[in-house]
Amino acid sequence: MDKMTGSAMGEDTIGAIQEGIRNIAAEMLEAGEVHVFIGYEEGTLPLRTTPAFLTRPEDAVRLVWGPSCENNLAVYLPKFKGTVGVIVKGCDVRTLVNLILENQISRDKVKIVGVPCRGIIDRDRVGKALGIDRIIKKAKATEHNLMLEGDGFDVKLEFQDVLAPSCEVCRYPVPVLCDVLIGDESMARDRKDPEAGYLEVEQFAKLRPDERFSYFAQQIEGCIQCYACRQACPLCYCPECFVDRQSPKWISRWRGLSDKILFHLGRVLHVAGRCVDCGACRRACPAGVDLRLLTKNMEKVVKESFQYESGLDIGGLPLLATYEREDPDDFIL
Amino acid sequence: MGESSHRGLLKMAKTDLDVFVDTLTKSSYVVLAPIEEGEATKFGVVGEEKIKIPRLTTRPLKELFFPEDESLLSFDSSGTQVASIDMSGVLAGDGISPRVALGVRPCDARALVILDNVFASEDYRDPYYTLRREQTTIITFTCPLPGVACFCTSTGGGPYDETGSDVMFMEVADSYLVKAVSEKGMGLLQEVFPLSEEGPPEHLCILHEADDEDIRAAVEAKAAGELPVDAGVPVEAAMAILGQVDAFGDSAWEEVYKKCLGCGVCTYLCPTCHCFDIGDEVTGASGQRVRNWDSCMFPLFTLHASGHNPRPSRKERFRQRVMHKFNYFVENNDCIACVGCGRCVENCPVNLDIRQVLTTFARQELT
Ligand code: SF4
Ligand code: SF4
Ligand code: SF4
Ligand code: SF4
């Protein structure tokens with residue numbers, strides 16, 4: 001894996017990481033270290049990859065790596081019985097850490113293959129940059145660019161203009177916990193200053209309450225209650241979500257704004273002190289509902305009040321499992 | 001020129017679309033067309049803005065007829081032993097006046113004919129759905145820009161398919177060629193844009209007869225328009241396998257569902273999916289019986305009161321979705337419950353592609 005270090009960046013880095021992933025997956029499956037290896041394979045649409053569940057070493061060649069590896073694969077882990085190998089990005093592994101902390105999976109049942117992350121592409125941003133209804137037929141990512149081809153156009157976008165919002169402010173692009181790190185830390189994007197991520201939240205907090213309400217109401221209005229956000233979030237693992245309870249019933253059959261708000265506030269509060277801003281919920285949404293300002297603000301409150309950052313350490317207790325008399329409560333209205 | 005002109009191909013300048021819509025509105029039609037809601041698009045009452053017709057709305061046309069929630073009846077048991085039940089509101093139209101859905105794509109229009117099997121068949125006529133259907137004239141725009149997930153031509157439709165449409169608008173250069181394909185569509189054009197011996201009043205002068213050259217252009221556009229759509233999805237071959245008695249136990253089911261997250265994206269956005277739940281929403285002594293969308297991908301869908309669930313995992317739920325579309329529905333109604341619109345393909349958070357699933361089953365034997 002020598003050629004991956006040093007200056008061999010760009011397309012080569014992506015290729016080298018992909019090669020590294022394939023080798024590790026094949027090795028782990030060959031040696032019987034894992035029963036299943038979960039990674040990404042080529043998707044059926046441009047800018048898409050799709051989760052792959054491999055059981056045979058010879059299938060490892062199907063695995064791919066690149067900035068379209070957008071899914072957080074940790075979501076699948078609690079379902080598996082045997083030992084599982086899984087590819088994680090910097091954010092993904094923090095949800096995995098939480099799953100371990102919360103006893104949803106055991107550390108010795110998962111082989112974590114970390115990738116130094118350079119960020120992933122936000123398809124909505126690509127769509128906006130390109131203009132609506134231009135159908136992308138082919139996409140290719142390199143170190144700094146995204147090349148898109150379609151009928152009558154051939155466009156080169158700056159990678160940083162279509163980067164997912166979470167990646168822009170990512171503080172932990174190198175997985176904080178893994179059994180194997182592909183390549184080395186220098187391949188990851190630069191760590192962002194913790195405060196960078198809160199600028200937007202702080203701006204937003206300056207708005208009047210009714211302005212803030214109407215922003216969120218507008219986001220939530222379009223929700224079709226498909227619950228893809230919940231299903232894509234590794235931390236939403238409750239066997240029965242409160243919105244699915246029949247007795248007591250929390251939300252009605254009316255698909256009105258107040259019921260939708262109840263679902264979203266409930267969900268966001270349930271990931272308090274746990275959410276790692278991986279963005280999986282936002283990407284899963286077919287209606288473009290974006291509540292990141294809410295989750296990000298909660299992250300900020302938790303950090304400032306308890307000096308706690310979610311998903312960094314498998315030792316100790318999850319934040320919500322601790323209590324001290326001196327705990328601050330000034331964030332409670 | 002007599003009334004018969006409406007039977008031929010008409011022509012309208014693209015720039016007259018807003019006048020067209022305006023004229024419909026002035027004739028008391030509610031015009032429903034693609035509107036934006038946040039990042040998504042759906043059919044809704046058009047406002048002041050210019051009409052913009054996207055390639056395909058994010059949300060399907062079906063919700064104009066089968067909305068995500070609706071009241072079936074209201075009841076009140078205050079003061080008496082027996083509740084009084086009131087369905088009159090809905091059945092009297094409940095404010096549903098004659099409507100025109102404009103800017104529909106052929107796949108969505110075709111899907112309505114499929115839904116009619118469920119809600120407006122000889123055996124069963126759902127009064128709510130049927131009323132909305134009757135009150136709505138469908139103006140379909142042929143599809144100039146099929147997407148990469150489209151496979152309508154593999155499911156019997158196509159970008160120029162007229163099934164389910166009342167009027168077709170075909171884009172040719174700067175014009176729309178306009179064709180009434182049903183009696184209802186013809187009726188609408190004749191009512192709103194009447195042609196008389198003296199010719200139409202000036203403000204209605206936007207529809208003209210198409211000439212031979214237009215017709216030739218239309219034929220060419222049609223031939224070219226169908227080419228980019230994926231016609232190679234082996235729907236028939238997969239159906240042959242799925243139709244076998246033991247298809248339920250095929251080993252591929254163990255694999256194909258694995259990445260499914262069990263969300264409602266593919267079913268809620270599907271123009272042909274039609275499962276619903278019914279329950280009462282009660283406050284005090286009065287309430288309403290509400291019908292809302294439901295999805296076979298949710299665990300609650302088949303959960304029995306006993307706690308038993310005949311479709312205990314995502315495997316059974318995913319199998320149900322595929323089998324319903326390509327086997328059970330076909331047996332019951334003689335048509336598949338998929339129009340190849342590609343919404344489920346494009347919007348699935350994990351890119352679980354129904355085309356690939358069909359390809360998996362398109363083989364000689366069960367395994
Ligand atoms: S994924 Fe989007 S539409 Fe679906 S429930 Fe979540 S916010 Fe609503
Ligand atoms: S709530 Fe959203 S951003 Fe937070 S961990 Fe879950 S999926 Fe990731
Ligand atoms: S949209 Fe995809 S993940 Fe969601 S239920 Fe359908 S197949 Fe499964
Ligand atoms: S199954 Fe998918 S492609 Fe077929 S009609 Fe439904 S959403 Fe469209």
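In what follows, every chain begins at residue 1, and chains take the letters A, B, ... in the order their sequences are listed. Here the structure is a predicted model, which means the values were calculated and not measured.
- When heavy atoms are compared at a cutoff of 4.5 Å, A:I136 approaches chain B solely by way of its backbone atoms N, CA, C and O.
- In this structure, chain B has no heavy atom under 4.5 Å from any part of A:R283.
- Contacts of A:V289 with chain B are absent, with no heavy-atom separation under 4.5 Å from either backbone or side chain.
- Among A:E240, A:R123, A:Q225, A:Q218, the residue with the largest count of heavy-atom pairs under 4.5 Å with chain B is A:Q225.
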Residue pair A:T49, A:S68: steps toward the side-chain hydrogen bond (donor to acceptor under 3.5 Å, both in side chains) verdict: CA-CA 6 Å; A:T49 61; A:S68 287; over 6 Å; no
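- Of the two parts of A:Y76, only the side chain, counted from C-beta on, holds a non-hydrogen atom closer than 4.5 Å to a non-hydrogen atom of chain B.
- We find the CD1-CG distance between B:I278 and B:N292 to be 9.0 Å, quoted to the nearest 0.5 Å.
- Cation-pi geometry between A:R134 and A:F153 is met: the NZ or CZ atom falls under 6.0 Å from the ring centre, inside 45° of the normal.
- Side-chain contact of B:Q356 with B:T359: a donor-acceptor pair under 3.5 Å is absent, judged by distance alone.
- Comparing B:K52, B:R59, B:R343 by how many heavy-atom pairs each has under 4.5 Å with chain A, the most go to B:R59.
- Chain B forms the most heavy-atom pairs under 4.5 Å with one residue out of A:P286, A:A280, A:A287, and that residue is A:P286.
- With salt bridges taken as basic N to acidic carboxylate O contacts below 4.0 Å, one links B:R132 and B:E70.
- Heavy atoms closer than 4.5 Å to chain B are found nowhere in A:Q219, neither backbone nor side chain.
- For A:D124, the part lying near chain B is the side chain, with the backbone staying farther off; criterion is any non-hydrogen pair under 4.5 Å.
- Annotation: cation-pi geometry not satisfied between B:R314 and B:F318 (NZ/CZ under 6.0 angstrom from ring centroid, within 45° of ring axis).
- Residue B:P299: no heavy atom, backbone or side chain, is found under 4.5 Å from chain A.
- For the pair A:K137 and A:D151, the salt-bridge criterion is met [side-chain N within less than 4.0 Å of a carboxylate O].
- With a 4.5 Å cut-off on non-hydrogen atoms, B:L300 touches chain A through its side chain but not through its backbone.
- Residue with the most contacts toward chain A among B:G279, B:P54, B:C266: B:G279 (heavy-atom pairs, distance under 4.5 Å).
- A salt bridge between A:D92 and A:K89 is present, with a side-chain N of the basic residue lying under 4.0 Å from a carboxylate O of the acidic one.
- Between A:C241 and the choices A:R230, A:R267, A:H270, the side chain to side chain contact (heavy atoms under 4.5 Å, CB included) rule is met once, by A:R230.
- For a residue to count as touching a neighbouring chain, one of its non-hydrogen atoms must lie under 4.5 Å from one of that chain's; by this rule A:I224 touches chain B with backbone and side chain alike.
- Among B:E68, B:E255, B:E37, the residue making the largest number of heavy-atom pairs under 4.5 Å with chain A is B:E68.
- Geometric assessment of B:R291 against the ring of B:F276 yields a positive cation-pi assignment under the 6.0 Å and 45° thresholds.
- Between chain A and the residues B:N347, B:L352, B:L269, B:V290, the largest count of heavy-atom pairs under 4.5 Å involves B:V290.
- Neither the backbone nor the side chain of B:S295 has a heavy atom closer than 4.5 Å to any heavy atom of chain A.
- In terms of heavy-atom pairs under 4.5 Å with chain A, the best-connected choice from B:R355, B:Q288, B:E39, B:E281 is B:E281.
- For the side chain to side chain contact (heavy atoms under 4.5 Å, CB included) with A:V113, the qualifying choice from A:I87, A:V88, A:I38 is A:I87, the only one to do so.
- Looking only at heavy-atom pairs under 4.5 Å with chain B, the residue among A:K128, A:Q231, A:R253 that has the most is A:R253.
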